[in-house]
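Predicted model only: the values in this text are computed from it and were never measured.
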Amino acid sequence: MTTTRNLTEGKVSKQLLAFFFPMLLTNLLQQIYSVADTAIVGKGLGDAALGAVGNLASLNVLIIGFATGMTHGFSVIIGRNYGAGNSKALRKSIALSIRLSVILTVLLTAASCLFLKPILLAIQTDPLILPDSLLYGHIVFGGLAATVAYNLCASILRALGDSRTPFIAIVISSALNILLDYFLIFVLRAGVEGVAITTIFSQVISVGICLTKMRGSGMLRLAKEEFEQDASMSLELLKNGIPLALMNCTIAVGNMIVQGYVNSCGVAYTSAYSVCGRYLGLFILPAMTAGNAVSSFVSQNSGAVRIDRIRESMRVCMVIALVFYALFGSVMVFLPRLLASFMLNEAETMNLAVQYMRICGALLFLVNFLFVFRNGVQGLGYPVIPMCSGILEMVLRIPAIMILLPRIGFSAIAYAEIAAWIGSLTINAATYAVVIRRKSRQLAATI
């Protein structure tokens, strides 16, 4: 089958890198779009509009992160069935993943639109930016179906070893998105609603591309009866999806509380935090991608009981994390003012962003390693541990903000991030070491 790749055979580094780079380019294009989107809003509509859009970042992570966690959890089961060569279970797991995702989309869309304003008020959104935040949020969350559909399609394809199709989809949709953003804001003089509309439209395009590819695969042509309820399979999918969704939600809730403290300090803090979040998201992207790649790799090889390949894949991804730390950590430490000037206009706001980027850039390797170990644990079939680590992140991040923000100002946000990274990395790395040692002993006992 041309649309899938068996990750249980062949040289590990070659297989993993061939899978990793299309995923990296996919995620990189998404982040470039995000940064370009932020720059267009900031330069075209001003710092206040940028703050209005950025103010929704933590809520966006909460809602979309929940959906992404679910679909990623589903993909672990799909990848395991594929690696084990169980075609019947594979097709059933894909069909029920689609069914569960439809239910999820309806619930999330209703909840996010209904509670948007109360949440924005709860995180102390400045009255100056509240109308634009509401307008942008209602459009983006109203079109949540497109976002969930793309994440599900991409997760299914990657679980089957196809990282190329999601890349092609993002190349096309991101280019279209940036062009439309520029046209709507600088030519038609639209507000933040223009940015929201193009976001949803581009997601629809990416879904169409992925579905076209999936329909060309015999394995992904699902019969009607495969969508019929199967309590056992649904429970297995939910056991993997819900913990990862809750992990993302817990981290997002912590970020929203942090956002509330940031917002209470004024629009300058809100705008600077928005820009720092965009850059951090961009610079941790390679490690995040390495983590996503190793999750698919580990899940397939876990199904095939190839412990040696699991160990090797983790080593390869750790090297990737270190290489990109050296590159992007240096940029954050030595060129923070240049980075800030691309999106911000006011000197005060740029100075705040510089503080954050220098601190986080120096210790960026912590979060890079976190992505690798957390996804490795997920791929091994232990989703509860990453969920617990997400709770730990919140427990560490919030007190750090409460204690440090009144004392040292904006840099407190960076130190809170670092505290959360250290705690989560510790629990995931320790779990991976214990689980892989146990599996190795079990395998040795059967030989």
Study note, to complete from the structure: side-chain hydrogen bond (donor to acceptor under 3.5 Å, both in side chains) pairs touching residues 376-392, sequence neighbours excluded, are H72-Q378, S389-S424, S389-N428
Review point. Do the side chain of R407 and the main chain of I403 share a donor and acceptor less than 3.5 angstrom apart?
Key: yes
**Study point:** Mutual orientation of the aromatic rings belonging to F410 and Y269 [parallel < 30°, tilted 30-60°, perpendicular > 60°]
**Key:** perpendicular
Practice item. In sequence, state the C-alpha distance, the side-chain angles, and the governing distance for E393 and T250, and then conclude on side chain to side chain donor-acceptor pair (under 3.5 Å). Key: CA-CA 8 Å; E393 283 191 44; T250 302; over 6 Å; no
Review point. To the nearest 0.5 Å, how far apart are CZ in F74 and CG in L238?
Key: 5.5 Å
Exercise for review: Considering non-hydrogen atoms only, spot the tightest contact between F328 and P286 and give its length.
Suggested key: CE1-CG, 3.6 Å
Point to revise | S295 side chain to N292 backbone, donor-acceptor under 3.5 Å | key: no
Show every donor-acceptor pair shorter than 3.5 Å between a side-chain atom in residues 353-369 and any protein atom, with sequence neighbours excluded, or say none if there are none.
from, atom 1, to, atom 2, distance (Å)
N368, ND2, A321, O, 3.1

**Study point:** ring-ring contact (aromatic ring centres under 6.0 Å, His included) involving Y415 - partner list, sequence neighbours excluded
**Key:** none
Exercise for review: Could you check E417 against V258 for side-chain contact (heavy atoms from CB on, under 4.5 Å), going step by step and ending with a plain yes or no?
Suggested key: CA-CA 10 Å; E417 289 289 340; V258 171; 5.9 Å; no
Point to revise | Short N-O contact, R315 and E312, less than 4.0 angstrom | key: yes
Exercise for review: State whether the side chain of S274 and the backbone N or O of T270 hold a donor-acceptor pair below 3.5 Å, judged by distance alone.
Suggested key: no
Point to revise | Intermediate values then yes/no, side-chain contact (heavy atoms from CB on, under 4.5 Å), R374 and Y432 | key: CA-CA 8 Å; R374 186 164 66 194; Y432 169 77; over 6 Å; no
Exercise for review: Evaluate the criterion side-chain contact (heavy atoms from CB on, under 4.5 Å) for residue pair L176 and S202; output intermediate values, then yes/no.
Suggested key: CA-CA 7 Å; L176 182 62; S202 69; 5.7 Å; no
**Study point:** M350 side chain reached by S341 side chain, heavy atoms, under 4.5 Å
**Key:** yes
Review point. Among side-chain atoms of S174 and N177, is any donor-acceptor pair under 3.5 angstrom?
Key: no
**Study point:** Residue pair I64, N151: steps toward the side-chain contact (heavy atoms from CB on, under 4.5 Å) verdict
**Key:** CA-CA 9 Å; I64 297 177; N151 283 318; 4.2 Å; yes
Exercise for review: Could you tell me whether the side chain of L396 reaches within less than 4.5 Å of the side chain of L392, counting heavy atoms only?
Suggested key: yes
